[in-house]
Asks: 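Below are the structure tokens for one structure; questions will follow.
The chain is numbered in sequence order, starting from 1.
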Amino acid sequence: MLVKRRDTGARPPRQAILPPGEASALDRRSFLRRSGLVAGGLAAAGSLRLGAVREAKAAGSSAVGLETVIRRNICTHCSVGCTVTAEVVNGVWVGQEPSWASPINRGTHCAKGAAIRELVHSERRLKYPMKLQGGAWHRIGWEQAIEEVGSKLLAIRAESGADSVYWLGSAKYTNEAAYLLRKFGAFWGTNNVDHQARICHSTTVAGVANTWGYGAQTNSYNDIRNAKTMIIMGGNPAEA
């Protein structure tokens, strides 16, 4: 139980023990504050490796200048449809700012939405085919990658039939890309075509159907903000 301490009278500040001849004195708070800064600085310095300190280089300013173009789009991670405000300089996406005017996310992003720029400009993003050779990944050309993968797929179909391959679509597909995947499966000669979204949400559909009798969301996201909620206070529900 938190108890508020009552002051019974003014107490003089506690003095720190200082060497003889020291004219000034520190109270306890100042002493602890300065001691903490020194200890933290020593700990940080001790954790640095030799050569770890180097000149800082800016990754790009988010300040809007004359050359900066503001472009707004919709985040592709989920169905909420949050607004993404991108700062573009010379055709390059250099920064991302909160979309305060958006009626959906109102200046906020989840962790994935805040990092959506990394899908395009991340240094770790694959930009060309890689092949594992001798325990290490090596860059190969597109023609070589298509030839090797295509040859292996044709060999599998020749040996085990068209139904031995299972084609799985991506949740990031557009309607046109999903159509082409289905058409490709038909040309391949199989109906083994599925979509990641169906596999991912098959459990949620079953849960919603058993709970609400309907296997999909029954309202829009805007309705959640305007819905009346119940707050439990001391065991008695109170309408917010």
Asks: Taking the six-membered ring where the residue is Trp, are the ring centres of Phe184 and Trp167 under 6.0 Å apart?
Replies: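 Ring centres of Trp167 and Phe184 closer than 6.0 Å.
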Asks: For Ser122, which residues count as a side chain to side chain contact (heavy atoms under 4.5 Å, CB included) partner, sequence neighbours excluded?
Replies: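 Residues passing side chain to side chain contact (heavy atoms under 4.5 Å, CB included) with Ser122: Glu118, Arg124, Arg125.
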Asks: Just jot down the side chain to side chain donor-acceptor pair (under 3.5 Å) partners of Arg72, sequence neighbours excluded, or say none.
Replies: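 Once residues adjacent in sequence are excluded, Arg72 has no partner under the side chain to side chain donor-acceptor pair (under 3.5 Å) criterion.
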Asks: Provide the full list of salt bridge (Lys or Arg N to Asp or Glu O under 4.0 Å) pairs with a residue in residues 175-184, sequence neighbours left out, each pair given once.
Replies: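 Passing the test, one end in residues 175-184: no pairs.
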Asks: Considering only residues two or more places apart or on different chains, which pairs with a residue in residues 126-137 satisfy salt bridge (Lys or Arg N to Asp or Glu O under 4.0 Å)?
Replies: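 Residue pairs passing salt bridge (Lys or Arg N to Asp or Glu O under 4.0 Å), neighbours aside: Lys131-Glu148.
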Asks: Atom NE2 of His138 and atom CD1 of Ile140: how far apart are they, to the nearest 0.5 Å?
Replies: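 Reported to 0.5 Å precision, the distance equals 11.0 Å.
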Asks: To the nearest 0.5 Å, what is the distance between CD (Gln96) and CZ (Arg71)?
Replies: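 These two atoms lie 15.0 Å from each other.
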Asks: Would Thr76 and Ile116 count as a side chain to side chain contact (heavy atoms under 4.5 Å, CB included) if you check the C-alpha gap in whole Å, the side-chain angles of each, and the deciding distance to 0.1 Å?
Replies: CA-CA 9 Å; Thr76 60; Ile116 193 172; 4.2 Å; yes
Asks: Only pairs at least two apart or in different chains count here, so list each ring pair (Phe, Tyr, Trp, His ring centres under 6.0 Å) that has a residue in residues 67-120.
Replies: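 Qualifying pairs: none.
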Asks: Could you give the distance from CD1 (Ile104) to CD1 (Ile74), rounded to the nearest 0.5 Å?
Replies: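 With rounding to 0.5 Å, CD1 (Ile104) is 8.5 Å from CD1 (Ile74).
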Asks: Test of understanding: clusters of I, L, V, M, F, W, Y form through side-chain heavy atoms closer than 4.5 Å, transitively. Do Ile156 and Val193 belong to the same one?
Replies: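 Yes; tracing contacts between hydrophobic side chains, which count when under 4.5 Å, links both residues.
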Asks: According to side chain to side chain donor-acceptor pair (under 3.5 Å), who are the partners of Tyr166, at least two apart in sequence or on a separate chain?
Replies: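 Once residues adjacent in sequence are excluded, the partners of Tyr166 under the side chain to side chain donor-acceptor pair (under 3.5 Å) criterion are Asp194.
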Asks: Should Leu168 and Ile199 be marked as a side chain to side chain contact (heavy atoms under 4.5 Å, CB included) after you check the CA-CA gap, both sets of side-chain angles, and the distance that decides it?
Replies: CA-CA 10 Å; Leu168 182 63; Ile199 300 174; 3.7 Å; yes
Asks: Only counting residues at least two apart or in another chain, list the ones meeting side chain to side chain donor-acceptor pair (under 3.5 Å) with Ser160.
Replies: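 So Ser160 forms no side chain to side chain donor-acceptor pair (under 3.5 Å) with any residue.
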Asks: Can you tell me which residue pairs pass the salt bridge (Lys or Arg N to Asp or Glu O under 4.0 Å) test with a partner in residues 149-164, sequence neighbours excluded?
Replies: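 Output for this query is empty, none listed.
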Asks: Please name the pair of heavy atoms, one in Gly189 and one in Ala162, separated by the smallest distance, quoted to 0.1 Å.
Replies: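 Looking at all heavy atoms of both residues, the shortest contact is O-CB, 3.5 Å.
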Asks: Assess whether side chain to side chain contact (heavy atoms under 4.5 Å, CB included) is satisfied between Thr85 and Ile70, documenting all intermediate values.
Replies: CA-CA 7 Å; Thr85 300; Ile70 302 299; 3.7 Å; yes
Asks: For Tyr179, check ring pair (Phe, Tyr, Trp, His ring centres under 6.0 Å) against everything at least two apart and list the hits.
Replies: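 Result, ring pair (Phe, Tyr, Trp, His ring centres under 6.0 Å) vs Tyr179: none returned.
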Asks: Decide if atom CD of Glu147 counts as having more than 12 heavy atoms of other residues, nucleotides or ligands within a radius under 6.0 Å.
Replies: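 Open: at most 12 neighbouring heavy atoms sit under 6.0 Å from CD of Glu147.
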Asks: Tyr128 and Leu126: same hydrophobic cluster, using ILVMFWY side-chain contacts below 4.5 Å?
Replies: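 Cluster IDs for Tyr128 and Leu126 match.
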Asks: What residues, two or more places apart in sequence or in another chain, satisfy side chain to side chain contact (heavy atoms under 4.5 Å, CB included) together with Ser170?
Replies: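 Listed in chain order: Lys172, Tyr173.
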Asks: Who else is in the cluster with Ile146 when I, L, V, M, F, W and Y are joined by side-chain contacts under 4.5 Å?
Replies: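 Result for Ile146 is none, singleton.
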Asks: Can you measure from CG (Leu181) to CH2 (Trp188) and round to the nearest 0.5 angstrom?
Replies: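 Between atom CG of Leu181 and atom CH2 of Trp188 there are 12.5 Å.
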Asks: If I compare all heavy atoms of Pro129 with all of Gly141, which pair ends up nearest, and what's the gap?
Replies: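 Distance-wise, the nearest heavy atoms are CG-O, 4.1 Å.
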Asks: With a 4.5 Å cut-off on side-chain heavy atoms, are Val80 and Asn105 touching?
Replies: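 No, side chains not in contact.
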Asks: Quick one: side chain to side chain donor-acceptor pair (under 3.5 Å) partners of Thr83, sequence neighbours excluded?
Replies: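 Here the qualifying residues are Ser102.
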